Structures are given as structure tokens and as C-alpha cells.
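Attaching a single structure in C-alpha cells format; questions to follow.
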2 protein chains.
Amino acid sequence: MSIDEMLRQKKLKVTPQRKAILTVLEKSESVLSAQELFREVLELLPGTNFSTIYRNLDMLISKGILCRIHRESGGDLYEIRRKEGHHHHVVCKSCGASFALDFCPMEELRRELQKQGFTPTEHRFEIYGYCDKCRK
Amino acid sequence: MSIDEMLRQKKLKVTPQRKAILTVLEKSESVLSAQELFREVLELLPGTNFSTIYRNLDMLISKGILCRIHRESGGDLYEIRRKEGHHHHVVCKSCGASFALDFCPMEELRRELQKQGFTPTEHRFEIYGYCDKCRK
DNA sequence: CTAATTGCAAATTGTTTGCAGTTTA
DNA sequence: TAAACTGCAAACAATTTGCAATTAG
């Protein structure tokens, strides 16, 4: 699906800024911080403002077009949501490459927690390490 | 083990500020943000500075005396490390109560990821929801 | 005594907001 | 043309830093 279609499907206006943001994220093989994204968007569309980046990141995440990944060192990471439905991410600490994981630990845990009286509503499972290329 | 012993064991000086921080965290049944912790420490030891809180949080975490837990809405949460060794946390979104989890999803996943060429070095698994009391 | 620790004030970093002007559908 | 969106500048919140004074061991 093209970027334009993607946006229209979510009833979002197709602006040059949005297209730039999605183009960068779509081309990127790694997860990007808002700052990194900003830098790259600037090359594609000079003059774009940082607040536009942030507003769009929030908007696109709320529409399910992007994923947000936490980072230990503060500042979140973003990527195109390439996989439908619930999933987690594996991220290379060296090159930033990421891939989606099918496995979700909550499946086997939910029942157990319920039994203990705890009702889970959200969880986070993120894996960091080194991909094949980067592990030397 | 007393707070003083805890600190000495890690070769940290026993200062009133550190004792206050650990006293608050030890008494607290919930995970605390740096701000919340600060407020409570202030009651115990007026005049304590915020930078002292942050410096000590970092120090105590590096020594394994505290745990840091992420929070979706930014700002981390802290608690005394009540359980030895590697573990994850379950946190109530209403009252902040937390408990440690034995289960770690990486055990069964590590081999699988290795097989795919990925070497995991770190991971995060955090569960949020409502505890028995708060779920109405 | 001296290395560790603290308070203070200022700087950073990352992100958010109000508003007026512009653009998309 | 109306609602959505953007740029701008300023505000914010959380955290970090340099440094001089203090304190624990």
C-alpha cells in the first residue's frame, strides 16, 4: 500500500510533511529516534519543524501506522508498523535494525496472574542485543 | 539487613540523605517516581536537594540496591530490590503496588533468537494492570 | 585527612503548547 | 470554506552538570 493510501485510509490528510516522515521511516532499516527522523526528514523536506514531527509521531501511532519502542537511555524509537496485530520487537543495539516477534509472553502468563488476583491490561516486552552482522 | 549494613556492604557512605531515600523506599508499598520520592524524603530530611536524589538513585541502582521500572507516560519508577537475581515486575496502575515475577520469557526465547542469528543482551518485560484491591 | 558526597544554580535534553497563518479535501 | 495541519517561539518537565563547601570513614 502506498503512503498516500495509508494516510487516506486512516482519514488523515496527505501533507508533504507526513509523506516525508513516512518515506523516511519506510526506507529506514532501523528504528529511529525523533531526532534522527527529524534530521532525515529535513533533507527530504527542508524547513519542516520539529513540532510537526512530534505531532505526527503521536498521531500516526494512535492510528496504528507506527510503533514506538522505549530506549533505556531516554528518548523513544519509532518505526513503521510492518506487522499487523499485537507483537513485540527485537532491536540491534549497534545498527538499530529491528524485527517483530510473534511470541508474546503474556499468553501463558495472563491466566497465572489472574489466578493471583492481578488483572493485566498492558505490558511491554522489548529485546535488545546484536544482530548477525553486528556481532563480531 | 538494616539500611546501614546494606550501604556499608556496598562500600557506600552512610549519609542522612541516603538513609532517608532508602527508608522511604523501604516503607513504601508502591513504586515511586523520583518526584514522589523527593517529596517524601523532604519530610524526613528537609533541605535535601533534588540532585542528590537523582545521583543516589543512579548510584543505588548501579549497586543493585534499587530497581528502575519504566513508565509509559515518561518518568521512571523506583523501588527497593526485594528479590535477588534477575526478575521482572508487575505494577498496579491504580495504587502503584508492585510485585516481583519469577517468570522470565527470555529463557525460552534466547535459544530461538540465537538460532536466528540474534544475540540478546538485554530485555525488558513489564506488566501493568490492576491488583485485587483496585480492580472494582 | 581525603575521597565521597552534598547543595546550589544553571544548563541540557526531550517534548509539548498556543496561536496565527496555510493547506487539504 | 471548514477542519486539519503547519511553523514559530516560547514553555515545560525531567534530569544532569560544575563547582565549592561539607562530611563520613
Side-chain angles (χ1 to χ4, degrees), chain A residues 2-24 31-63 65-78 96, chain B residues 2-24 31-63 65-66 68-78:
Chain A
S2 78
I3 287 176
D4 289 33
E5 288 172 318
M6 227 156 149
L7 289 170
R8 286 207 196 84
Q9 185 187 302
K10 300 290 183 180
K11 306 202 195 320
L12 293 175
K13 299 203 165 171
V14 180
T15 67
Q17 293 82 349
R18 268 183 195 148
K19 291 175 73 160
I21 289 170
L22 289 176
T23 303
V24 168
V31 288
L32 298 177
S33 67
Q35 316 279 336
E36 291 163 336
L37 175 63
F38 179 51
R39 266 175 243 127
E40 300 210 27
V41 165
L42 232 37
E43 299 196 2
L44 224 52
L45 192 69
T48 302
N49 194 275
F50 216 143
S51 57
T52 302
I53 301 286
Y54 276 115
R55 276 192 280 238
N56 275 302
L57 285 173
D58 288 345
M59 172 96 300
L60 296 169
I61 284 168
S62 78
K63 295 290 185 181
I65 296 179
L66 301 183
C67 292
R68 165 181 278 140
I69 299 172
H70 268 267
R71 186 168 47 170
E72 202 61 49
S73 52
D76 295 339
L77 302 173
Y78 301 87
Chain B
S2 77
I3 287 176
D4 289 33
E5 288 172 318
M6 227 156 150
L7 290 171
R8 286 208 197 84
Q9 186 186 301
K10 301 290 183 180
K11 305 203 193 323
L12 292 175
K13 297 201 168 174
V14 180
T15 67
Q17 293 83 347
R18 267 180 198 154
K19 290 175 72 160
I21 290 171
L22 289 176
T23 302
V24 168
V31 288
L32 298 177
S33 67
Q35 316 279 336
E36 291 162 336
L37 174 63
F38 180 50
R39 266 175 242 128
E40 302 210 26
V41 165
L42 232 37
E43 300 197 1
L44 224 54
L45 193 69
T48 302
N49 195 274
F50 218 143
S51 56
T52 303
I53 301 286
Y54 277 115
R55 275 191 281 236
N56 274 302
L57 285 173
D58 288 345
M59 173 98 294
L60 295 170
I61 285 169
S62 78
K63 296 290 184 179
I65 296 178
L66 301 182
R68 165 180 278 141
I69 299 172
H70 268 266
R71 187 168 46 171
E72 201 61 47
S73 51
D76 295 339
L77 302 172
Y78 301 87

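Just so we're clear, the structure is a prediction, and the values are computed from it rather than from any experiment. Every chain is numbered from 1 and lettered A, B, ... according to where its sequence line falls, protein lines coming before strand lines.
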**Prompt:** To the nearest angstrom, how far is B:F50 atom CZ from D:dA13 atom C1'?
**Reply:**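 It works out to 10 Å between those atoms.
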**Request:** For B:S2 and B:D4, run side chain to side chain donor-acceptor pair (under 3.5 Å): C-alpha distance rounded to whole Å, both residues' side-chain angles, the deciding distance at 0.1 Å, then the answer.
**Result:** CA-CA 5 Å; B:S2 77; B:D4 289 33; 5.0 Å; no
**Prompt:** So does B:S51 reach the base of C:dC8 with its side chain, donor to acceptor, closer than 3.5 Å?
**Reply:** yes
**Request:** Considering non-hydrogen atoms only, spot the tightest contact between A:T52 and A:I21 and give its length.
**Result:** O-CD1, 4.3 Å
**Message:** Measuring only between side-chain heavy atoms, which start at C-beta, is B:L22 closer than 4.5 Å to B:N56?
**Reply:** no
**Asked** For the pair made of NZ in B:K63 and C1' in C:dT5, what is the distance, rounded to whole Å?
**Response** 14 Å
**Prompt:** Once you round it to whole Å, what is the distance between C1' of D:dA14 and CG of B:L57?
**Reply:** 12 Å
**Asked** Taking the side chain of B:R55 as its heavy atoms from C-beta onward, which of D:dC5, D:dG18, C:dT15 lies nearest to it?
**Response**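 In terms of side-chain proximity for B:R55, the closest of D:dC5, D:dG18, C:dT15 is D:dG18.
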**Prompt:** Could you walk me through whether A:V14 and A:I3 pass the side chain to side chain contact (heavy atoms under 4.5 Å, CB included) check?
**Reply:** CA-CA 9 Å; A:V14 180; A:I3 287 176; over 6 Å; no
**Request:** For A:F38 and D:dG7, give me the distance from atom CZ to atom C1', rounded to whole Å.
**Result:**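 Computing the A:F38:CZ to D:dG7:C1' distance gives 11 Å.
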**Asked** Relative to each other, are the rings of A:F50 and A:F38 parallel, tilted or perpendicular (30° and 60° limits)?
**Response** parallel
**Message:** If I take atom CD in residue B:E36 and atom P in nucleotide D:dA14, what distance separates them, rounded to the nearest angstrom?
**Reply:**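 To the nearest whole Å, that distance equals 11 Å.
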**Request:** Check the distance between C:dT23's P and A:L45's CG and give it to me in whole angstrom.
**Result:**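 Spelled out: CG on A:L45 to P on C:dT23 is 12 Å.
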**Prompt:** C:dG14 phosphate, OP1 or OP2: any side-chain N/O from A:Q35 under 4.0 angstrom?
**Reply:** yes
**Student check: side-chain heavy atoms of B:Q17 and B:V41 closer than 4.5 Å** =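 A side-chain contact under 4.5 Å is absent here.
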**Prompt:** Below 4.5 Å, heavy atoms only, C-beta onward: do B:R39 and B:E43 meet side chain to side chain?
**Reply:** no
**Request:** Round to a whole Å and report the spacing from CD1 of A:I53 to P of D:dG7.
**Result:** 9 Å
**Prompt:** Atom CG of A:N49 to atom P of D:dA11: distance rounded to whole Å?
**Reply:** 16 Å
**DNA chain D-proximal residues of residues 2-17 of chain A, any heavy atom under 4.0 Å** = A:L12, A:K13, A:T15, A:Q17
